[in-house]
Protein chains: 2
Amino acid sequence: MKTEKISEAVVRRLPIYLRYLNSLAMKNVMTVSSQELGQKLDLNPAQIRKDLAYFGEFGKKGIGYDVGYLIEKIRQILKLDRHIPVALVGAGNLGRALCNYNIYLREEMKIVAVFDASPGKWGETMGNLTVQPMSELAETIRRLGVRIGIITVPAMEAQNVANSFVAAGIEAVLNFAPVIIKVPNEVRVHHADFTAELQSLAYYLD
Amino acid sequence: MKTEKISEAVVRRLPIYLRYLNSLAMKNVMTVSSQELGQKLDLNPAQIRKDLAYFGEFGKKGIGYDVGYLIEKIRQILKLDRHIPVALVGAGNLGRALCNYNIYLREEMKIVAVFDASPGKWGETMGNLTVQPMSELAETIRRLGVRIGIITVPAMEAQNVANSFVAAGIEAVLNFAPVIIKVPNEVRVHHADFTAELQSLAYYLD
DNA sequence: TAGATTGTTAATCGATTAACAATC
DNA sequence: TAGATTGTTAATCGATTAACAATC
């Protein structure tokens with residue numbers, strides 16, 4: 001593996017590759033070329049080869065990439081080869097949807113705890129989990145070794161939740177609330193902002 | 001307005017600006033500088049000025065931007081100054097979350113119809129809507145003038161739903177299914193892919 | 001061998017940032 | 001006027017794509 005800095009754009013494409021490769025593996029396809037990957041994923045084959053080459057020489061000239069081997073490699077790169085516990089705050093409809101989605105996430109990256117601020121939610125079942133009060137957040141996160149936090153609360157409360165996550169030692173946050181949250185530099189935040197996504201779509205209407 | 005081609009990155013930032021401007025308006029703030037916007041939104045002030053300048057001269061030198069005026073302008077640019085009906089297919093937890101989110105979306109961009117393939121869902125209430133069978137999709141979309149479609153079905157069915165949307169004359173699609181869908185060039189697709197988002201987060205863990 | 005496809009360099013393209021004259 | 005901040009040009013930075021030697 002080279003020590004060159006990997007751009008965010010590259011890292012964002014790796015899960016896309018991984019997902020399609022998994023679907024190939026399920027169909028018992030053994031080998032795939034950058035050409036075919038590019039076609040299926042709407043990407044330039046040269047870009048795919050370059051992306052993968054940042055991390056090693058995974059392909060065979062004249063042949064392509066071994067599907068199983070490439071899956072293994074990308075999983076290592078994304079650190080999906082180890083168990084990564086995730087916690088979620090905000091037991092509304094979206095939180096529920098994500099918890100039920102748990103089955104689709106592989107074993108190694110799973111929501112292991114759900115919290116909500118309102119007493120009415122405590123004890124409620126979401127997926128295979130029970131909603132806990134916020135007061136138990138720090139202790140639970142430490143006990144379960146949670147490393148990633150998901151925020152599905154209203155915009156008003158998102159920053160507070162982020163602060164709690166950071167205080168509890170979480171390393172990365174996926175924020176679904178429609179607001180920009182601030183965290184220390186060493187914590188990574190991704191925004192999943194479907195309102196913005198929808199609004200920017202409108203621009204392209206005639 | 002200049003006729004220069006506007007990049008996707010610029011268009012994606014406009015809803016972010018709009019949202020923060022709305023929060024300022026609610027606090028009766030009259031004026032804002034690119035400097036302050038940049039601080040709050042984690043963006044470079046020069047970038048914000050450049051983004052806005054693509055569409056016109058909205059600011060006042062030495063003063064900044066009038067909040068109300070800028071809101072109005074961005075809404076016009078994003079075409080959010082007109083009524084844009086949206087349809088959703090997939091009455092699961094995620095679909096329900098989005099329908100209930102309807103209140104947060106302004107009047108002008110609203111989910112007006114929900115569909116599902118499974119008879120068990122038909123007639124169910126989601127937000128203020130009733131789940132309809134897929135057989136009614138084309139007629140309903142035409143009758144209500146739906147222009148944007150949201151896909152919240154499992155990956156396996158996403159392409160079929162996209163095809164139905166396209167056949168019914170939809171102009172843009174927001175796809176939540178974890179799969180790349182193919183549509184004609186004139187149809188715009190955005191992917192809201194939180195599984196990929198979550199997996200790429202893992203890369204940044206130590 | 002001939003054909004296919006990688007890994008990588010060079011070329012291109014595009015987006016971000018810095019700088020500053022204009023001006024409120 | 002002095003200070004602030006825009007709009008815009010130029011400089012920088014980064015990402016994508018094309019091309020091709022290496023080689024399976």
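Worth saying up front: this structure is predicted, and the values here are computed from it rather than measured. In what follows, every chain begins at residue 1, and chains take the letters A, B, ... in the order their sequences are listed.
A heavy-atom distance below 4.0 Å to DNA chain C is reached by these residues of residues 11-25 of chain B, ordered by number: B/R13. For the segment residues 62-71 of chain A, residues with any heavy atom less than 4.0 angstrom from an atom of DNA chain C are, sorted by number, A/G62, A/I63, A/G64, A/Y65.
Of the candidates D/dT23, D/dT6, D/dA19, the closest approach to any side-chain atom of A/R49 belongs to D/dA19. Side-chain proximity of A/S34 to C/dG7, C/dT6, C/dC24: nearest is C/dT6.
In this structure, A/K79 forms a cation-pi arrangement with B/Y203, its terminal cationic atom sitting closer than 6.0 Å to the ring centre and no more than 45° off the ring axis.
At distances below 3.5 Å, at least one donor-acceptor pair connects side-chain atoms of B/D116 with backbone N or O atoms of B/A91.
Note on A/E57: only backbone sugar-phosphate atoms sit closer than 4.0 angstrom, heavy atoms only; bases stay farther off.
Surrounding NZ of B/K121 are more than 12 heavy atoms belonging to other residues, nucleotides or ligands, all under 6.0 Å away.
Residue pairs satisfying the side chain to side chain donor-acceptor pair (under 3.5 Å) criterion with at least one member in residues 55-66 of chain A, sequence neighbours excluded, are absent. Pairs engaging residues 128-147 of chain B under the salt bridge (Lys or Arg N to Asp or Glu O under 4.0 Å) rule: B/E139-B/R143, B/R147-B/E171 [sequence neighbours left out].
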Under-3.5 Å N/O pairs linking protein and nucleotides 10-12 of chain D:
none

Wobble G-U and Watson-Crick pairs count when both distances are under 3.5 Å; given that, what is the 5' to 3' dot-bracket string of DNA chain D, with | for pairing to other strands? ..||||||||||||||||||||||
